[in-house]
Protein chains: 2
Amino acid sequence: MAGLNERKQKILHAVVTDYIQTAEPVGSRTISRHYKIALSAATIRNEMADLEELGYLMQPHTSAGRIPSQQGYRFYVDALMDATSLTQEEEEYLARLFTQLEKMREIDQIVQHTARALSVITRYTSLVLAPQIKQSAFKQMRLIPMDNDKALVVLITDTGYIRNKVIEMPKALNQQEIDLVVAYLNKELSGQTIASLTSERLRKLRSDLYYHTDILNVLLNMLELCAQKPENRVYLGGASNILNQPEFKDVEKLKHLLTLFEEDERLTMVLENVTEGLSIRIGTENVLAEMKDCSLITASYHLHGRPIGTIGVLGPTRMEYARVKTIIEEISSRLNKLIGTL
Amino acid sequence: MAGLNERKQKILHAVVTDYIQTAEPVGSRTISRHYKIALSAATIRNEMADLEELGYLMQPHTSAGRIPSQQGYRFYVDALMDATSLTQEEEEYLARLFTQLEKMREIDQIVQHTARALSVITRYTSLVLAPQIKQSAFKQMRLIPMDNDKALVVLITDTGYIRNKVIEMPKALNQQEIDLVVAYLNKELSGQTIASLTSERLRKLRSDLYYHTDILNVLLNMLELCAQKPENRVYLGGASNILNQPEFKDVEKLKHLLTLFEEDERLTMVLENVTEGLSIRIGTENVLAEMKDCSLITASYHLHGRPIGTIGVLGPTRMEYARVKTIIEEISSRLNKLIGTL
DNA sequence: TTTAGCACTCACTTGAGGAGAGTGCTAAAA
DNA sequence: TTTTAGCACTCTCCTCAAGTGAGTGCTAAA
């Protein structure tokens, strides 16, 4: 696999970068002209024929130039890609963005704005997975009576994620009883991750406070629900950007992707399935068939060293990997810093 | 304008319904064959020429059939359209939907699910405007301390809309003071619409409680913000459905719409600009240029007789007006009933 | 007033021809 | 042995012309 001499690597690099720019098959002449490789077109042709045989390039038809195969992109991403840095414009945009984000105190809002910004700056579609309540830790819980028979439960977690739920109140409970139960739960559960609140563990609490079972039941049920039910907390930005990509000028291809964009559960799955840290998934390396012509670059973000969510950029396999990678790294690092201060 | 004899109306009706079904220009032969109008194609041709001159029909080119003009659709919607009723399938789908919705206690969730369902059942794109906090009435407010310097304000309104905001806490405030201020606000503001909380009115409260200005200021600022800042609370469903419409097989046209779909502020504007009750906006009757080839059918929903939001369906001007109208009427009426019980 | 007949229009399809970009192969040059 | 120039070849894409078919407008007869 690694048996590519330097010349082949240079040529592969030229093909990939040119194709990323132009979206047109790259011919041997183009390379010998534009890419300061001191070789004639004929020699390059021979090398390209080799690269094709080795699986790094493909030819749409006999008399066309070459385009990178998935394996070609993979090699480019792993070994060939130049490190880039942010342009001044991008730098300024991010500076402005983060001074705005710093004013927001809620993770949800921050994450939503990040998704939008990510798509604006990359000009691709962005996907952002907000912290799942499951992975958050219990901080405190409050119960606010609304009417006779309804109350609002507010659950605050350490990730700054706040969840409301209106519940039916069992009747004939006085405020004192409620306060007691809530105080007990706050003391008992503080710092525990929501996911750890299994039916098992909750049962124990139930028996501890058996004389308040009515209200306790309602609250514990809510927690149990939070721990079990997967939440779809994925935000999409710049979906219309895919229309700028020539590979999606075909309406049928578009339909598959746009339909996918409306299926929050599956998007969540994609983002959860990604390895921690920075990840680049090319073409069929993505599990979903709809994404076989797409690449997804993601980075996880963390709180107290624990990964709590993912930001990602989705584009055609012909994506500007280097640029997007730089941007994602920068944004996720800034995001981590910001979350730390919440 | 109204000078259409019965025969012309019959023919116009035939053209519109046929075109809605097929998306192809309708010829005179098709009408005389399929629509039980006991006239020859030639006669119908003459009438169609008249209808064109009167502005109800258009011809894409000389030797093609006719398609309805915007004015043609308008006449159809106002005078010609047959009343339809729900199919059994639709009926069952709605029954299932609303038994689900009844279990939800929060307006936001209800509205989101309604948007999705509306797009599924109509097979068009749906737009739903959730209650604006401005138009809601103050019910109660709570302040939950989080850390030393932060607190969570929970604002509950009569529309079941709950708003959280994390605020910076002025230091050196004891719980007692806070409770006092919150209790005062709850008493003073109960039942008032948020929009009525102008700077003017709030100033009075400020002077009433001048000895607690720190915490009071923070809370009042939050309320003022809610009263002023327009919120974008619009939900979109089934955006990918527009891809099934032949009129949007052109990627350029699509781009305009999809880009619009990402601009929440402008979508909100569209839905706010609509008349109360049922409204049908055809083509350029919509203010936004992007929607000049679309029609929008909307209905407002109410609480205590006050309109608090809008549900709508967006499709091509060649939309199945009758079917969609029936569905929207049904859903909004059921939604109204449901909201009343919250 | 309605209808049959007919010439006419115009989009759409098909196929042929030519241009252009790029290839693979061969033989000469380095 | 490696590189390069030359050349025939392949395949897409564009254009153009001819043919097809759906539908029209007009005219004259019913």
Side-chain angles (χ1 to χ4, degrees), chain A residues 3-12 14-19 21-69 72 246-247 249-250, chain B residues 3-12 14-19 21-69 72 246-247 249-250:
Chain A
L4 290 192
N5 60 32
E6 201 187 318
R7 198 165 79 179
K8 282 200 176 56
Q9 295 194 12
K10 258 191 181 161
I11 292 173
L12 179 56
V15 173
V16 174
T17 52
D18 194 274
Y19 185 66
Q21 270 204 342
T22 64
E24 295 290 329
V26 187
S28 52
R29 255 181 83 86
T30 315
I31 291 184
S32 84
R33 276 240 195 93
H34 299 336
Y35 287 90
K36 302 292 164 187
I37 294 176
L39 290 171
S40 74
T43 311
I44 292 174
R45 268 205 292 285
N46 286 329
E47 294 288 35
M48 282 167 88
D50 288 356
L51 282 168
E52 182 170 358
E53 207 165 326
L54 291 167
Y56 295 96
L57 295 180
M58 301 189 316
Q59 227 174 351
H61 55 86
T62 356
S63 68
R66 297 323 205 277
I67 65 176
S69 67
E247 28 271 277
K249 67 179 196 299
D250 172 33
Chain B
L4 292 191
N5 60 33
E6 200 186 319
R7 198 165 78 178
K8 282 200 176 55
Q9 295 196 11
K10 257 191 184 161
I11 291 174
L12 179 56
V15 173
V16 174
T17 52
D18 195 272
Y19 186 66
Q21 271 205 341
T22 64
E24 295 290 328
V26 187
S28 52
R29 257 181 80 88
T30 315
I31 292 184
S32 84
R33 277 240 194 92
H34 300 335
Y35 287 89
K36 301 291 163 188
I37 294 176
L39 290 171
S40 75
T43 310
I44 292 174
R45 269 204 293 283
N46 288 328
E47 293 288 35
M48 282 167 89
D50 288 355
L51 282 168
E52 181 170 359
E53 207 165 327
L54 291 167
Y56 295 95
L57 295 180
M58 300 189 315
Q59 227 175 351
H61 56 86
T62 357
S63 69
R66 302 309 208 287
I67 65 176
S69 68
E247 28 270 277
K249 68 177 194 300
D250 173 32

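Comparing D/dG25, D/dC11, D/dA5 by their closest approach to the side chain of B/Q59 singles out D/dG25. Which of D/dT4, D/dA22, D/dC7 sits closest to the side chain of A/L39 comes down to D/dT4. The side chain of A/A42 lies closest to D/dA5 when the candidates are C/dA4, D/dA5, C/dG22. When distances run from any side-chain atom of A/N46 to the nucleotides C/dG22, D/dT12, D/dT4, the shortest one goes to D/dT4. Here C/dG24 is the nucleotide among C/dG24, D/dT24, D/dT12 with the atom lying nearest to any side-chain atom of A/R66. The side chain of A/R45 has C/dT23 as its nearest neighbour among C/dA4, C/dT23, C/dA11. Taking every side-chain heavy atom of B/A49 into account, D/dG25 is the closest of D/dG25, D/dT12, C/dG22. When the nucleotides D/dC7, C/dT9, D/dT10 are ranked by their closest atom to the side chain of A/T62, D/dT10 comes out on top. The nucleotide whose nearest atom lies closest to any side-chain atom of A/T43 is, among C/dT3, D/dT10, D/dT4, D/dT4. Nearest to the side-chain atoms of B/S40 among the listed nucleotides C/dT23, C/dT3, D/dT24 stands C/dT3.
Distance CD (B/E53) to C1' (D/dT24): 15 Å, rounded to an integer number of Å. Rounded to whole angstrom, the span from the NZ atom of A/K8 across to the C1' atom of D/dT2 amounts to 13 Å. Spacing between atom OH of A/Y19 and atom P of C/dG22 amounts to 14 Å, rounded to whole angstrom units. Atom CD1 in A/I44 sits about 11 Å away from atom P in D/dT3, given to the nearest Å. One can place CD of A/E47 at 12 Å from P of C/dG24, the figure rounded to the nearest angstrom. As a whole-Å value, the separation of B/R29 CZ from D/dA22 C1' is 10 Å. Per the geometry, CE belonging to A/M48 stands 17 Å off C1' belonging to D/dT4, to the nearest Å. Look at CD1 on B/I37: it is 13 Å from P on C/dT2, rounded to the nearest Å.
Smallest separation of non-hydrogen atoms from A/Y35 and A/A14: CG-CB, 3.8 Å. Closest of all the heavy-atom pairs between A/S28 and A/A41 is CB-O, 3.5 Å. Closest heavy-atom contact between A/V15 and A/V26: O-CG2, 3.7 Å. What you find for B/P68 and B/L57 is that their closest heavy atoms are CA-CD2, 3.9 Å.
Pair check for D/dA30 finds C/dT1; Watson-Crick or G-U wobble, both atom distances under 3.5 Å.
The main-chain N or O of B/Y56 is found under 3.5 Å from a side-chain atom of B/S69 such that the two form a donor-acceptor pair.
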